[in-house]
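We're numbering straight along the sequence, starting at 1. Just the heavy atoms: all of them, side chains too, but no hydrogens, waters or symmetry mates, feed the values below.
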Amino acid sequence: MFTSESTKYPHTAEIGQRSRILVVEDEELIREMLVLALEEEGYGVLTASDGRLAVEYLKNFEPNSGESPFDLVILDLMLPQINGLDICRLLRYQGNPVPILMLSAKGSETDRVLGLEVGADDYLTKPFSMRELVARCRALLRRQRLSTLPQLPVLQYKDVTLYPQECRVLVRGHEVNLSPKEFRLLELFMSYARRVWSREQLLDQVWGPDFVGDSKTVDVHIRWLREKLEIDPSRPEYIVTVRGFGYRFG
C-alpha cells in the first residue's frame with residue numbers, strides 16, 4: 001500500500017528539504033498510523049509492505065558518494081519475503097549509513113541486541129506510542145545531520161570564540177567556564193547565527209527528546225549564559241530575545 005506521498009517522492013524538488021523516511025511495515029493499520037504521525041511532523045514518507053519492495057527502493061544508494069535515497073528507515077523485524085534483519089545486514093554490507101529504527105513485537109534483550117548488532121541504530125518494541133517513535137526519529141535524524149556537518153575548528157562572533165573540539169570559550173580574550181548545557185547551547189547558537197530558536201526546539205536539541213521538566217529551564221540557562229557573555233546582561237547583544245518566538249544569537 002502506498003500513501004499519497006509515494007507518488008511524489010521520486011521528485012526531490014517537490015518535497016523540498018524535508019527529511020525522507022521509508023516505512024517498511026507489513027501490518028496495514030500500523031503502517032497507516034506511522035504515516036499519519038510522520039507526515040504531521042512534516043516528513044516526506046514512502047511505504048513498503050514487504051522486504052523485497054523495500055530493497056527495491058533502497059537499491060539507489062551510491063557507495064562512492066555515500067548518498068542514500070532516504071534520511072531514515074523505519075524497519076519492521078518480521079516481514080514477508082525478506083525479513084528486517086536481512087535488510088539491515090544488506091544495507092550495512094553495501095556501506096549504506098542510513099539510520100535504521102527497527103520495530104518488533106519481540107522485546108527480549110537477545111532480540112534487541114541482535115537487531116543492534118546487525119546494524120540498527122535504535123530498537124523500539126511494539127506496542128509503542130507514536131510520540132515516542134517521533135521523538136526517536138528526531139533524535140536519529142539530528143544525529144545524522146550533525147555527523148555530516150563539517151567540523152569547524154573555531155566558531156567566532158565578535159568577541160566570543162568557541163573551540164568545539166576543546167570545549168573552550170573565550171570572551172573578549174578571557175576564558176570563561178561553562179557548564180556542559182551552557183556550552184552546548186552556545187555552540188548551537190553560534191553554529192546557526194541569527195536563527196530564531198523556540199524553547200521547545202532548544203530543549204529538543206540540547207536536553208534531548210526524553211527530557212522531562214519545565215521549558216523555563218531554557219530561560220535559566222540563557223540568563224546564566226548572558227551573565228558570562230554580555231557586558232550588560234540586561235541589554236544583551238549576543239543572545240537576543242525575539243518576543244513571541246524565542247531566542248537568536250547575534
Side-chain angles (χ1 to χ4, degrees), residues 1-6 9 18-61 63 66 68-147 204 207-212:
M1 174 181 175
F2 295 91
T3 69
S4 58
E5 194 66 32
S6 65
Y9 179 81
R18 292 188 296 172
S19 294
R20 302 154 298 176
I21 299 178
L22 175 62
V23 173
V24 189
E25 169 62 62
D26 63 320
E27 295 185 46
E28 184 175 357
L29 180 59
I30 295 177
R31 191 168 65 243
E32 290 179 350
M33 290 174 64
L34 288 169
V35 170
L36 285 173
L38 294 168
E39 287 187 340
E40 281 183 3
E41 293 294 315
Y43 299 124
V45 184
L46 181 66
T47 64
S49 56
D50 63 69
R52 192 174 300 278
L53 186 57
V55 170
E56 182 70 19
Y57 289 145
L58 289 159
K59 72 179 183 180
N60 293 323
F61 171 64
S68 173
F70 300 95
D71 300 297
L72 173 67
V73 176
I74 298 176
L75 182 63
D76 188 37
L77 181 63
M78 303 300 293
L79 292 168
Q81 301 187 40
I82 304 176
N83 67 46
L85 287 177
D86 287 339
I87 293 173
C88 194
R89 287 191 187 98
L90 175 63
L91 291 176
R92 297 311 184 226
Y93 176 78
Q94 293 173 337
N96 192 329
V98 63
I100 297 172
L101 171 58
M102 188 166 283
L103 308 179
S104 177
K106 297 181 176 181
S108 72
E109 181 181 4
T110 301
D111 292 313
R112 292 196 301 272
V113 169
L114 179 59
L116 295 171
E117 284 186 342
V118 299
D121 297 273
D122 201 356
Y123 191 104
L124 193 55
T125 304
K126 299 176 182 178
F128 50 82
S129 74
M130 287 299 157
R131 182 177 178 183
E132 180 180 5
L133 177 129
V134 169
R136 288 174 183 260
C137 289
R138 282 201 213 104
L140 289 171
L141 288 166
R142 180 173 63 249
R143 193 184 310 159
Q144 179 73 354
R145 285 194 298 270
L146 290 175
S147 70
D204 186 55
W207 279 264
D210 297 327
F211 173 77
V212 177

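At distances below 3.5 Å, at least one donor-acceptor pair connects side-chain atoms of Arg31 with backbone N or O atoms of Glu25. Although no hydrogens or angles enter the test, the distance criterion places a donor-acceptor pair under 3.5 Å between the side chain of Asp71 and the main chain of Arg20. Side-chain N or O atoms of Asp76 include none that pairs as donor or acceptor with a backbone N or O of Leu79 at under 3.5 Å.
Contact of the Val113 side chain with the Leu116 side chain is not registered, since no non-hydrogen atoms from C-beta on lie closer than 4.5 Å. When side chains are defined from C-beta on, Phe128 counts as touching Leu103, because their heavy atoms get closer than 4.5 Å. Looking only at side-chain heavy atoms (C-beta outward), Lys106 and Met78 come within less than 4.5 Å of each other.
The environment of NZ in Lys126 is crowded: more than 12 heavy-atom neighbours from other residues, nucleotides or ligands sit within 6.0 Å. Within a 6.0 Å sphere centred on CE of Met33, other residues, nucleotides and ligands contribute 12 heavy atoms or fewer.
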*asked:* Between Leu77 and Asn83, is the side-chain contact (heavy atoms from CB on, under 4.5 Å) condition met? List the steps.
replied: CA-CA 6 Å; Leu77 181 63; Asn83 67 46; 5.6 Å; no

| What do the steps show when you test Val55 against Leu90 for side-chain contact (heavy atoms from CB on, under 4.5 Å), and what is the final call? | CA-CA 9 Å; Val55 170; Leu90 175 63; 4.0 Å; yes

- Message: One pair to check against salt bridge (Lys or Arg N to Asp or Glu O under 4.0 Å): Arg92 and Asp121. What are the steps and the verdict?
- Response: CA-CA 11 Å; Arg92 297 311 184 226; Asp121 297 273; 2.9 Å; yes

Take Asp50 and Ile82, measure what side-chain contact (heavy atoms from CB on, under 4.5 Å) needs, and give me the verdict at the end. CA-CA 7 Å; Asp50 63 69; Ile82 304 176; over 6 Å; no

Stepwise side-chain contact (heavy atoms from CB on, under 4.5 Å) test for Arg142 and Asp204
CA-CA 10 Å; Arg142 180 173 63 249; Asp204 186 55; 3.2 Å; yes

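A pairwise comparison of heavy atoms in Leu101 and Cys137 identifies CD2-SG, 4.1 Å as the closest pair. Among all heavy-atom pairs drawn from Pro80 and Asp26, the shortest one is CD-CB, 3.6 Å. Of all heavy-atom pairs spanning Val98 and Phe70, the tightest one is CG2-O, 3.5 Å. Ile100 approaches Leu72 most closely through the heavy-atom pair N-CD1, 4.4 Å. Taking both residues in full, the closest heavy atoms of Cys88 and Ala120 are given as SG-N, 3.4 Å, listed atom of the first, atom of the second, then distance. Taking every heavy atom of both residues into account, Tyr123 and Ser104 meet most closely at OH-CB, 3.2 Å.
If you take CD on Gln81 and OG on Ser49, they are separated by 8.5 Å, rounding to the nearest 0.5 Å. To the nearest 0.5 Å, atoms CZ (Arg138) and CD (Glu41) are separated by 4.5 Å. For the atom pair Leu46 CG and Leu22 CG, the distance stands at 5.5 Å (nearest 0.5 Å). To the nearest 0.5 Å, atoms CE (Met102) and CD1 (Ile87) are separated by 8.5 Å. One distance of note links CG of Leu124 with CD1 of Ile74; it measures 9.0 Å at 0.5 Å rounding. To the nearest 0.5 Å, atoms CG (Leu34) and CD (Glu27) are separated by 10.0 Å.
Contacts of Asp86 classified as salt bridge (Lys or Arg N to Asp or Glu O under 4.0 Å), with partners at least two apart in sequence or in another chain: Arg89.
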